[in-house]
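Before any comments, here is the structure.
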Amino acid sequence: MKPAFPDITKIRYEGARSQNPLAFKHYNPTEIVAGKTMREHLRFAVVYWHTFRGTGSDPFGAGTMQRPWDDGSNSINNAQNRARVAFEFMTKLGAPYYCWHDRDVAPEGKTLAETNKNLDAVAKVLKAEQQRTGIKLLWGTANLFSHPRFVHGAGTSCNADVFAFAAAQIKKAMEVTHELGGEGYTFWGGREGYMTLLNTDMKRELDHLAKLLHLAVDYKKKIGFKGQFYIEPKPKEPTKHQYDSDAAACLNFLREYDLLPHFKLNIETNHATLAGHSMQHELEVAGAADALGSIDANTGDELLGWDTDQFPTNIYLTTYTMLTILKYGGLTTGGVNFDAKVRRESFEPVDLFHAHIGGMDAFARGLKIAAAIRKDGRLADFVKQRYASWDSGLGAKIESGKASLKEIEAYILKKGEVAANVSGRQEFLENLINEFI
Ligand code: XLS
Ligand code: NI
Ligand code: NI
């Protein structure tokens with residue numbers, strides 16, 4: 001097979017002063033930061049869907065992407081070829097991981113049995129390419145939203161047959177993920193939500209969704225799949241209200257249905273902002289519950305209110321993201337997965353490299369800056385100091401559960417008024433961050 005990117009050689013680290021657009025300025029995979037190599041910290045993953053299946057179409061126009069290796073057909077041969085191109089791209093980029101939906105890699109057939117056969121045929125090539133290159137599968141997932149059968153949802157569909165189809169699809173996608181040595185499996189509830197409550201039995205739909213996840217947990221044990229399960233919050237798009245709307249809603253759902261021990265969260269930047277939160281807020285919510293698993297790294301556009309899935313280049317964003325990730329011990333099973341697409345106007349193959357190089361460099365800088373802020377210690381000391389009243393005396397007694405309401409009342413009655421409050425110093429802290437940017 002002739003190369004798909006003949007003019008591009010392996011992308012190398014050339015340092016901050018390089019003006020070569022096809023080189024890393026900050027991502028130096030073997031450089032040690034805070035005790036680990038950058039490669040180990042960041043665990044970058046390329047997504048199959050946007051990068052190899054994205055066409056650039058939008059509601060007003062057709063696809064624009066130039067992908068000379070793709071014949072546009074739904075043949076197995078084309079799908080296998082595309083898989084080889086994907087591995088050429090990831091090898092040249094130096095990405096250690098990738099992620100897919102079942103339907104990204106192989107075409108849907110006339111029946112589920114035929115579709116499963118198609119998937120096996122492409123999975124064979126994926127396996128061979130993984131072995132040849134050493135690139136690993138970060139997670140697999142099932143696409144339970146594109147096909148018209150999922151119009152009313154998958155696990156939450158009013159049609160029990162659709163639930164059955166989704167369950168069978170998850171079973172197969174999990175088997176293939178297992179076969180490819182995948183380190184995780186993700187559940188994103190693409191259409192698990194509603195457009196109007198007038199036709200929706202919410203309680204029943206949530207019960208069904210939990211049932212589906214329990215079936216997956218049981219099957220995971222049965223086949224001995226050790227990968228981490230993730231659930232990915234998103235508040236809207238495609239439905240008006242999605243049940244997994246944000247990290248807190250996911251955690252509540254998982255806890256309510258006894259699923260929490262089996263799942264961690266996969267937090268996506270643009271989904272956080274659609275939910276009216278910052279990425280860091282969502283990471284903190286997940287981290288505090290010991291459920292911070294992986295991230296889908298991208299960004300939205302301040303002026304647009306939808307999931308634009310742009311590549312992340314904002315250093316503040318990557319710094320705050322890495323600050324929280326480092327605070328909770330770093331990524332272990334998960335990674336920095338670029339769930340991002342090049343703009344419709346960036347239609348040449350080389351744009352895929354520019355996009356990923358930029359995202360990887362932005363995260364490398366975020367990592368280095370966050371590590372420096374943590375090493376400096378002033379930020380953490382400030383926060384620690386801010387809560388000092390809880391470290392001894394009445395505060396410590398309340399925290400340890402040893403103070404009754406009566407005793408607390410007696411304490412404050414005796415004092416008459418609270419100890420003086422101290423400034424929160426937001427501007428001082430923002431300036432402190434800027435010392436490192
Ligand atoms: C869509 C989601 C999707 C998941 C995988 O908005 O981000 O791409 O990551 O199904
Ligand atoms: Ni995503
Ligand atoms: Ni998304």
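Both counts, for ligands and for their atoms, begin at 1 and track the order of listing.
Few gaps surround NZ on Lys36; more than 12 heavy atoms of other groups in view lie less than 6.0 Å from it. The number of heavy atoms from other shown groups lying within 6.0 Å of CG (Asn434) is above 12. Atom CZ of Arg204 has 12 or fewer neighbouring heavy atoms from other residues, nucleotides or ligands inside a 6.0 Å radius.
With respect to the Ni ion (ligand 3), Asp307 has OD2 as its nearest N, O or S atom.
Ring geometry for His214 versus His262: interplanar angle over 60°, hence perpendicular rather than tilted (30 to 60°).
Here the CD1-CG distance, from Ile135 to Leu126, works out to 11.0 Å after rounding to the nearest 0.5 Å.
A cation-pi arrangement, defined by a distance under 6.0 Å to the six-membered ring centre and an angle within 45 degrees of its axis, is present between Lys220 and Phe229. A cation-pi arrangement is present between Arg149 and Phe165 under the rule of less than 6.0 angstrom and at most 45 degrees off the ring axis.
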Audit row: Phe225, Tyr185, ring pair (Phe, Tyr, Trp, His ring centres under 6.0 Å) steps and yes/no: CA-CA 10 Å; Phe225 174 51; Tyr185 185 91; 7.1 Å; no

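Taking a cut-off of 2.8 Å, the protein N, O or S atoms nearer than that to the Ni ion (ligand 2) are Glu232 OE2, Glu268 OE1, Asp296 OD2, Asp339 OD2.
A donor and an acceptor atom, one from each side chain of Glu40 and Thr37, are located under 3.5 Å apart.
With respect to the salt-bridge test (charged N to carboxylate O, under 4.0 angstrom), the residues Asp361 and Arg365 do not qualify.
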Tabulate distances under 3.5 Å between N/O atoms of ligand 1 and N/O atoms of the protein, writing both atom names on each line.
residue  : atom   : partner : partner atom : Å
ligand 1 : 6 (O)  : Lys234  : NZ           : 2.9
ligand 1 : 6 (O)  : His271  : NE2          : 3.0
ligand 1 : 6 (O)  : Asp307  : OD2          : 3.1
ligand 1 : 7 (O)  : Glu232  : OE2          : 2.7
ligand 1 : 7 (O)  : Glu268  : OE1          : 2.7
ligand 1 : 7 (O)  : Glu268  : OE2          : 3.4
ligand 1 : 7 (O)  : His271  : NE2          : 3.3
ligand 1 : 7 (O)  : Asp339  : OD2          : 2.7
ligand 1 : 8 (O)  : Trp49   : NE1          : 3.2
ligand 1 : 8 (O)  : Asp339  : OD2          : 3.0
ligand 1 : 9 (O)  : Glu232  : OE1          : 2.7
ligand 1 : 9 (O)  : Glu232  : OE2          : 2.9
ligand 1 : 9 (O)  : Asp296  : OD2          : 2.9
ligand 1 : 9 (O)  : Asp339  : OD2          : 2.9
ligand 1 : 10 (O) : His101  : NE2          : 2.6

